[in-house]
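The block underneath contains the structure these notes are about, expressed in structure tokens.
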Amino acid sequence: MKLAQLLSALFGLTFERVIETRYGPSGVLCLFLLGAGLRTRNPTCLIIAAVLLGLLLAQR
């Protein structure tokens, strides 16, 4: 169980760092909204995060 948590945290931090370096503060905002939407089960946050992330990916 501890190994799974460690690998999950490592993957999450690596993914966050890649998004941060590639897409800047907008990418971090998308990840924040995505995480907040998942934790609170708020569909509005999830939709906003998905649209912003889609716009970022389409831009590059």
Side-chain angles (χ1 to χ4, degrees):
M1 185 67 180
K2 297 283 183 184
L3 182 61
Q5 289 176 341
L6 179 65
L7 289 176
S8 173
L10 183 64
F11 176 73
L13 289 173
T14 304
F15 182 71
E16 181 181 347
R17 188 62 68 175
V18 167
I19 293 294
E20 182 179 305
T21 57
R22 194 165 188 184
Y23 299 109
S26 325
V28 173
L29 177 67
C30 290
L31 288 178
F32 172 74
L33 285 173
L34 189 65
L38 287 173
R39 282 190 191 103
T40 61
R41 296 184 181 163
N42 186 348
T44 305
C45 284
L46 290 172
I47 291 170
I48 292 171
V51 168
L52 287 176
L53 195 58
L55 288 173
L56 282 175
L57 292 174
Q59 184 180 17
R60 303 226 172 184

Candidate pair L38 and L46, rule side-chain contact (heavy atoms from CB on, under 4.5 Å), full reasoning
CA-CA 7 Å; L38 287 173; L46 290 172; 3.9 Å; yes

Check the pair T44, I48 against side-chain contact (heavy atoms from CB on, under 4.5 Å), reporting the backbone distance first and the verdict last.
CA-CA 6 Å; T44 305; I48 292 171; 4.0 Å; yes

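- When the side-chain contact (heavy atoms from CB on, under 4.5 Å) test is applied to V51, the partners found at least two apart in sequence or on another chain are I47, L55.
- Here the CG-CD1 distance, from L53 to I19, works out to 6.0 Å after rounding to the nearest 0.5 Å.
- The distance from the OH atom of Y23 to the CG atom of L31 is 11.0 Å, given to the nearest 0.5 Å.
- The CG atom of L34 sits 11.5 Å away from atom CZ of F32, with the distance rounded to the nearest 0.5 Å.
- Closest approach of V28 to E20, counting heavy atoms only: CG2-CG, 3.7 Å.
- Taking CG of L7 as the reference point, atom NZ of K2 lies at 13.5 Å (rounded to 0.5 Å).
- The shortest heavy-atom contact between A49 and C30 is CB-O, 3.7 Å.
- Distance alone, capped at 3.5 Å, is enough to place a donor-acceptor pair between the T14 side chain and the L10 backbone.
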